[in-house]
Each structure stands twice: as structure tokens, then as C-alpha cells.
2 protein chains.
Amino acid sequence: MADKDRKNSKISLSEVAKEAGVSKMTASRVLRGHGGYSEKTRELVMKKVDELGYLPNRLATVFAGDQSSTFIGVSIPDLGNEVFAQVLEGIDRKLGAFGHQSVLGLTQHTLEEEEAWIKTVLSWQPAGLILTGRYHSPRAIEMLKGAGIPVVEIWDLNSSPLDISVGINHFDSGFDMGRYLTGCGYTRIGYVGTSHDTANAASTRLDGFCKAVEGSGGNVTRQLCLHDTATYYTGFYGTEQLLLSSPGVECIYYQNDAMAFGGLQYVSSKGMDVPGDIGIAGWGDLPIASVLQKRLTSCHVPHLKIGQVAAEMMLARLSGEPVQACRDIGFHLIPGTTVRHEDS
Amino acid sequence: MADKDRKNSKISLSEVAKEAGVSKMTASRVLRGHGGYSEKTRELVMKKVDELGYLPNRLATVFAGDQSSTFIGVSIPDLGNEVFAQVLEGIDRKLGAFGHQSVLGLTQHTLEEEEAWIKTVLSWQPAGLILTGRYHSPRAIEMLKGAGIPVVEIWDLNSSPLDISVGINHFDSGFDMGRYLTGCGYTRIGYVGTSHDTANAASTRLDGFCKAVEGSGGNVTRQLCLHDTATYYTGFYGTEQLLLSSPGVECIYYQNDAMAFGGLQYVSSKGMDVPGDIGIAGWGDLPIASVLQKRLTSCHVPHLKIGQVAAEMMLARLSGEPVQACRDIGFHLIPGTTVRHEDS
DNA sequence: AAGCGCTAAGTTACCCGTAACGTAACAGTT
DNA sequence: AACTGTTACGTTACGGGTAACTTAGCGCTT
């Protein structure tokens with residue numbers, strides 16, 4: 001109303017000091033509690049801090065010393081399904097518990113977005129960066145190297161990381177499923193997933209999957225929904241497309257469990273039996289799998305843990321502890337009951 | 001290897017200027033592109049910027065002038081289900097498109113966590129704050145008022161917000177469902193949700209729901225899973241608990257669609273027919289509802305849009321445009337086919 | 001040729017904390 | 001009484017960039 005005079009002027013340390021009748025430095029010492037002041041002075045300063053509602057300006061602190069900020073830049077492709085939402089939750093909870101803040105970047109699966117985000121976030125002098133994926137633009141890599149801060153690449157395990165890598169081997173996880181499904185006797189197999197311009201972990205899984213299937217004499221029909229989000233409806237719709245174009249498919253492998261559930265709903269709606277008429281396999285062992293009546297054939301991946309471990313390694317790195325460069329979190333195949341079994 | 005000499009020394013503007021043989025100020029002008037330099041000088045400076053890989057230090061910029069940062073603090077209770085993940089996605093996409101960065105805080109549904117987070121994030125001089133929920137601790141409110149920056153409270157519409165409020169009226173949305181279900185002839189109704197120490201939007205919905213049901217002579221049996229995440233398994237398990245303790249319940253209202261789906265799976269596994277033996281109603285119209293064979297009785301809420309609008313209002317506020325204090329995004333009830341209908 | 005206006009630059013001061021250093025006052029030692 | 005050590009402060013400089021002001025240099029007018 002009447003407070004158009006000026007913007008709510010921030011209270012600075014100098015003002016607190018002046019009010020308390022001491023020097024800036026003394027006030028600073030009191031606030032940091034490292035000693036060098038009398039109890040009387042401490043009370044005086046703290047009283048003024050309360051009265052004036054002083055909040056420290058961490059920008060100035062970072063600026064003053066060479067101490068780095070407590071920001072950690074975190075890039076995530078999207079939050080459209082539970083996969084990365086859980087990874088992010090794991091990261092932020094851990095970082096938050098240790099006084100760090102995540103600066104989020106949703107890079108939409110493109111290297112250009114990632115590069116632009118890296119450039120911006122580096123200008124805020126973050127203490128470190130956590131990036132999803134092992135692929136980055138050349139300029140991004142240059143900036144990351146020049147920044148001189150810890151970089152954790154998560155998700156897609158990278159044996160020669162920029163700095164630190166935490167995740168699983170997606171090729172192997174796809175390969176294992178390929179071998180498992182061919183082992184179950186399937187040869188005409190479909191794949192339903194999404195597609196982006198850039199290679200990513202999902203396409204690596206598909207590569208591993210195809211290698212295994214084709215190595216066993218089977219073949220894979222791909223149904224890629226371009227630029228779609230890998231969630232329920234995409235799986236439903238992609239399944240419809242796939243079955244219309246390739247009616248002979250005996251089993252479908254999905255990019256993740258959410259899409260697999262969508263597919264499951266589609267084939268059920270058409271009166272098909274699973275696994276009698278068609279096999280369904282997902283990936284990720286997402287929360288939804290815990291309530292389905294059939295155990296979804298899938299691959300268990302500890303999403304939350306990947307985030308947590310990534311954050312832990314970042315924190316260890318920041319406190320100067322030695323950190324292994326490459327940390328395989330591991331996965332395991334869940335045979336489930338949505339594909340027919342070898343012995344049936 | 002051999003670069004243990006010093007930490008990767010950052011290139012500063014002074015160094016660029018020195019290399020280019022101009023003053024800091026001229027280099028600054030070139031980089032900001034506001035004119036006041038010759039084309040020759042521009043080329044000279046930009047060449048050195050490229051050569052040295054100079055990245056501006058935005059901390060210093062914020063520090064120097066009274067211009068604020070491009071940080072927006074965003075507090076979200078959790079990412080355990082799709083509700084807030086979508087809200088966050090809406091916020092970050094919009095903010096990111098306008099050159100702002102989200103500094104995330106997962107406040108785990110507690111006011112203490114929120115207060116601690118607000119204190120920390122304010123010390124980084126953010127341009128604004130987006131908070132989930134209308135309830136904050138007294139100290140938090142004090143800090144928010146003292147900060148003099150825009151604050152958008154989202155999710156739970158607040159007719160007298162601290163600054164700006166964007167969301168829906170959760171009481172009404174619960175009330176409407178209560179009226180709808182009693183209108184369908186249900187009187188012994190169950191509720192399955194999660195519970196936290198603090199009042200939140202879900203408890204407000206429950207209040208509205210109970211008022212409507214009890215006003216129509218029905219009664220509500222609550223099954224609250226303490227401190228659990230509101231997702232599939234919690235709905236599954238909560239339904240089991242509820243039906244064991246109150247076998248006469250005819251219809252169950254869930255905190256959200258994910259929990260409702262969990263409940264749907266539980267009752268199906270027990271051979272119960274929906275809506276023949278029991279009615280199921282969810283909330284949120286989450287993505288999973290799009291692939292179910294029965295249309296889930298629910299309440300459509302545009303999660304992504306709430307995030308987007310919140311971000312838009314923040315951006316408008318930051319650019320000095322007039323902004324309405326209270327923006328109702330609205331919801332609508334989805335009758336669905338998982339409860340029996342009035343005319344049946 | 002003096003005067004004016006404009007552009008392209010340089011100079012200075014400042015933002016807010018902190019490190020490093022300086023110093024006054026007092027206690028304890030010999 | 002002179003010296004040393006400690007405590008409790010104050011002073012100064014600094015970090016990276018920008019606003020505001022100053023100055024140099026050039027072309028144009030009259």
C-alpha cells in the first residue's frame with residue numbers, strides 16, 4: 001500500500017553491527033560462532049539480529065572467500081514417469097540432509113538443452129553437478145572440464161566418466177531380458193518405447209536387447225513413439241500400433257513398467273490373455289508393479305538408490321574423500337508371470 | 001595427473017579485459033551487449049572470451065547491483081507419486097524457458113523442514129519463491145514477509161495469500177465427491193489416504209468430503225496410513241486394512257488415483273466386482289486413469305497447468321506486471337464407472 | 001580555429017561478507 | 001617496573017562485476 005518508497009531493503013551485517021555498536025567483523029565472528037568475542041557482545045549482536053530479522057547473504061560469503069557454494073546442479077530429462085522422479089527424490093533428500101540445494105534442470109532429452117543449462121548453472125558457481133546420461137555436447141564437455149568442480153554422471157554407467165559415474169549397465173540389462181525372452185521360446189518379439197534425437201539409456205537397452213534376441217535367431221520389431229513421454233498411455237497406444245502393423249508378435253518388451261502396464265491394459269481390452277496369447281515384459285520394477293495381480297516380468301533397478309548414491313559420492317568428493325570413479329549399482333531380472341516360462 | 005598445481009583457476013572478466021587490452025568496464029559492456037563500444041573492440045573481446053573459455057560469474061552480478069538473481073526457490077512435499085512431479089515439471093519447464101532456475105526443496109510435508117529450507121534458500125537471494133501449501137510456520141511467514149520478494153503459494157487455494165495463490169479449492173473438490181457418492185446411494189463410505197503431522201490439501205479434501213457425506217446422513221470410516229507415500233501399494237494395503245476393520249463399507253474414496261488403483265487391484269484380487277460389490281473413487285485424474293478399462297470415478301485436476309500458471313504469475317510479478325492475488329485453476333468431477341450410478 | 005556534440009573508452013566507488021593483520025587493555029611472570 | 005601472552009575487538013583489502021561519472025578523440029558547424 002504505502003510502502004512504495006523503496007523495495008524492502010535487505011538488512012546487512014553492517015547494519016546489525018552499527019545497531020549493536022560493534023564493527024562488522026565482530027558481528028561476523030559472533031554469527032559464525034568461531035569465538036573471539038565476549039559473551040556480552042554476543043548477546044548484544046544476537047539481539048539486534050533478531051530485532052532486525054537479519055538473514056545472512058550467502059552470495060557475499062561465497063564471493064568473499066574461495067569457499068564454494070552449496071548449490072548442486074542436477075539435470076534430469078523429464079518427470080513424466082516415476083523413473084527420474086525417484087532418482088531426483090533420492091538425490092535431493094540426501095543433498096538436503098547435508099545442507100546442499102539442488103538447482104534443477106529438465107533437459108528434455110536433448111543435448112542442446114543440457115548444454116544451455118550447464119552454461120547457465122555454471123555461472124552460479126555451483127559446488128558440483130549431477131547429470132543424467134553419459135552423452136554431452138562437445139562444448140558441454142569443455143565447460144565441465146574447465147569448471148573444475150565435481151561432476152557425477154548418473155543413470156547410464158560410464159566406464160570412462162568425466163569424473164564420477166553412478167548407475168547401471170543398460171546394455172546388459174537389455175541383453176539379459178533378450179536372452180531371457182528368447183530362452184522362454186519367443187522369437188517374434190516387439191519393442192515399444194519412445195524415441196528422442198539423442199542416444200540415451202533406453203536406446204542402449206534396446207541395443208543390448210536386439211543383440212541378444214537376434215543372436216538367438218529371433219527378431220525385434222520396434223515401435224518407437226517419437227518425442228512422447230514414456231508413460232501409460234504411450235504404452236497403450238504404442239501397443240495398438242505395433243499389433244496392427246505386426247500382428248504376429250508373440251511378446252513385447254517395453255521401455256519401462258509404466259508403458260508395459262499400458263500395453264497390458266491394451267491387450268486385456270482386446271480380450272487377449274497374458275501370457276497365453278502374448279507375453280509382456282517391462283523394465284524398472286516401478287511402484288505400480290507391486291499391486292498387479294500377475295508379477296510383471298521386468299528388471300529391478302533401485303532408482304531411489306541411484307540418486308542417493310550419486311548424492312553421497314558428490315558429498316564425499318566435496319569433502320575431499322577419495323571416491324571411486326565408477327559405481328555399478330546393479331540390477332536383477334524379475335522372471336515374473338507375464339511371459340510364458342521355459343518349462344511350460 | 002600433473003595438474004595438482006592449483007584448483008582450476010576461474011577466468012575472470014579482468015583477465016579477459018587485460019588480454020584484450022581494454023578495461024574491465026569495456027569488456028563488461030561488450031558482454032552485456034548494451035552498446036557503447038566499437039565493432040573492433042567487440043570482436044577483440046569476444047575472441048578472448050572464446051579463447052579463455054570465460055564464463056560470467058552471476059554471483060558477482062547479483063552482488064554488484066540491486067538486480068536480483070534468476071533463482072526461484074520451489075518447495076514440493078515429495079515426488080513419490082505423479083501429483084507433485086507433474087506440478088514441478090510444469091513449474092520448471094516454464095521457468096527454464098524464461099531463463100530462471102528452480103532451486104528445489106523437498107519438505108516432506110513438515111513445516112519445520114519448510115522453515116529450514118526457506119531460511120537457507122533466502123540466504124541465496126532468490127528472485128522469488130514458490131511454495132506448496134497454505135500453511136507455514138510463524139517464523140517462516142515472518143521471513144517471507146521480510147524478504148520482499150514474490151511468493152506464490154500453490155496447490156491449496158488461499159483467498160488471503162501471503163502474496164499470490166494458485167490452485168484449486170480442495171475442500172470443495174472433496175465436498176463435491178461426497179455429494180456425488182451419497183447421491184449415488186452410498187452411505188457407508190470409507191476413505192483411504194496418508195496422514196502427516198501437518199494439515200494439508202488432502203486433509204482439507206477429506207474435511208469437505210466428510211461434511212458432504214455426513215450432511216447427507218452417511219458416515220465416513222477413515223483409514224490413514226501414517227507417514228506413508230500416497231502411491232499404489234499404500235492404497236492396496238490401506239484398502240485391506242479398511243475392509244478388515246470395516247467390512248460393511250460400500251464405497252471407498254481415495255486420496256488420489258494412484259492409491260485408488262492400488263485399492264482397485266486389492267478388491268479385484270479378492271474377487272470383488274467394481275462397482276457391483278464396492279465402489280471406488282479416486283482424485284486427480286492421474287495419467288494411469290487413461291489406460292484403465294473402467295473409467296475411474298475421480299476429479300480432474302490440471303496438475304501440470306497449476307505449475308505452469310504458478311510460474312507464469314511469478315514471471316509476470318517479476319517483470320512488474322499487475323497480477324491477481326488469487327487464481328482458481330478449477331477442477332471437475334469425473335463420474336466414471338467405478339461407482340454405481342444414481343439411475344442404476 | 002574555436003566551440004559543440006557525440007561516441008568510445010577509462011576511473012572510481014560500491015555491493016557484503018571474510019581473511020589477515022593491527023592494537024588496546026589487562027593478567028600473569030620475573 | 002618491564003616484559004610476555006591472551007582476549008577482544010577494530011581496520012584494511014579483497015573478490016567480480018556494474019552504475020555513474022569522467023575523459024579522450026573525432027567530425028561538424030560557423
Side-chain angles (χ1 to χ4, degrees), chain A residues 6-46 48-49 52-70 120 122-126 147-148, chain B residues 6-46 48-49 52-70 120 122-126 147-148:
Chain A
R6 242 179 318 167
K7 52 165 57 184
N8 203 306
S9 53
K10 300 267 173 63
I11 312 297
S12 77
L13 187 62
S14 325
E15 290 174 72
V16 172
K18 202 195 297 171
E19 286 284 315
V22 299
S23 74
K24 250 178 21 169
M25 201 54 224
T26 297
S28 172
R29 279 189 273 248
V30 168
L31 278 161
R32 280 174 301 147
H34 288 335
Y37 49 85
S38 65
E39 177 57 21
K40 210 181 71 188
T41 307
R42 198 194 66 82
E43 276 171 25
L44 205 69
V45 171
M46 292 312 284
K48 290 298 169 187
V49 164
L52 300 170
Y54 169 73
L55 276 181
N57 181 341
R58 299 273 278 114
L59 249 51
T61 306
V62 171
F63 201 56
D66 1 43
Q67 38 180 151
S68 65
S69 74
T70 54
T120 304
L122 280 181
S123 75
W124 291 109
Q125 320 295 115
Chain B
R6 242 178 318 168
K7 53 165 58 183
N8 205 309
S9 52
K10 300 265 174 63
I11 312 297
S12 77
L13 186 62
S14 325
E15 290 173 71
V16 173
K18 202 195 297 172
E19 286 284 315
V22 299
S23 74
K24 243 173 36 162
M25 200 55 224
T26 298
S28 172
R29 278 189 274 250
V30 168
L31 278 160
R32 280 174 302 150
H34 287 337
Y37 49 84
S38 65
E39 177 57 22
K40 210 181 71 189
T41 307
R42 197 193 67 81
E43 276 172 22
L44 204 70
V45 172
M46 292 313 283
K48 290 297 171 187
V49 164
L52 300 171
Y54 169 74
L55 276 181
N57 182 341
R58 300 274 278 113
L59 248 53
T61 307
V62 173
F63 196 58
D66 0 45
Q67 39 182 148
S68 63
S69 75
T70 53
T120 304
L122 280 181
S123 75
W124 291 109
Q125 319 295 113

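Source: prediction; values computed, not measured. By convention in this document, chain letters (A, B, ...) are assigned in the order of the sequence lines, proteins followed by strands, and residues within each chain are numbered from 1.
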Value in whole Å for how far the [atom2] atom of [N] lies from [atom1] of [X]:
| X | N | atom1 | atom2 | value |
| --- | --- | --- | --- | --- |
| A:Phe63 | D:dT18 | CZ | P | 10 Å |
| B:Tyr37 | C:dG10 | OH | P | 15 Å |
| A:Leu55 | C:dC16 | CG | P | 14 Å |
| B:Lys40 | C:dA8 | NZ | C1' | 11 Å |
| B:Leu44 | C:dA8 | CG | C1' | 14 Å |
| A:His34 | C:dG17 | NE2 | C1' | 13 Å |
| B:Glu39 | C:dA9 | CD | P | 11 Å |
| A:Met25 | C:dT18 | CE | C1' | 5 Å |

Give a yes or no on whether the backbone of B:Gln125 and the side-chain of B:Ser69 come within a donor-acceptor separation of less than 3.5 Å. yes

Do side-chain atoms of A:Glu15 reach the backbone of A:Ser12 as a donor and acceptor pair under 3.5 angstrom? yes

OP1 or OP2 of [N] sitting under 4.0 Å from any side-chain N/O of [X]?
| X | N | result |
| --- | --- | --- |
| B:Thr26 | C:dG10 | yes |
| B:Thr41 | C:dA9 | yes |
| B:Tyr54 | D:dG17 | yes |
| A:Ser28 | C:dT18 | yes |

Which nucleotide wins on minimum distance to the side chain of [X], given the candidates [options]?
| X | options | result |
| --- | --- | --- |
| B:Ser38 | C:dA19, C:dA8, D:dT18 | C:dA8 |
| A:Leu13 | C:dG10, D:dG17, C:dG17 | C:dG17 |
| B:Arg32 | D:dT18, D:dG16, C:dG10 | D:dT18 |

Mind checking whether A:Val30 and A:Val22 have side chains closer than 4.5 Å, heavy atoms only?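 The answer is no, as the side chains (C-beta and beyond) never meet within the 4.5 Å cut-off.
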
Should A:Lys10 and A:Asn57 count as side-chain neighbours, where that means a heavy-atom distance under 4.5 Å?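 Of all side-chain heavy-atom pairs linking A:Asn57 with A:Lys10, none is under 4.5 Å.
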
Which is true for B:Arg29 with a 4.0 Å heavy-atom rule: it touches a base, it touches only sugar-phosphate, or it touches nothing?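 Base contact.
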
Can you work out whether B:Gly36 or B:Ala60 has the more 5'-proximal nearest nucleotide on DNA chain C? B:Gly36

Starting from the 5' end of DNA chain C, give me the residue, B:Ser23 or A:Ser14, whose nearest nucleotide shows up first.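 Of the two residues, B:Ser23 wins.
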
Take A:Trp124 and B:Val62 through the side-chain contact (heavy atoms from CB on, under 4.5 Å) test and state the conclusion after the steps. CA-CA 10 Å; A:Trp124 291 109; B:Val62 173; 3.6 Å; yes

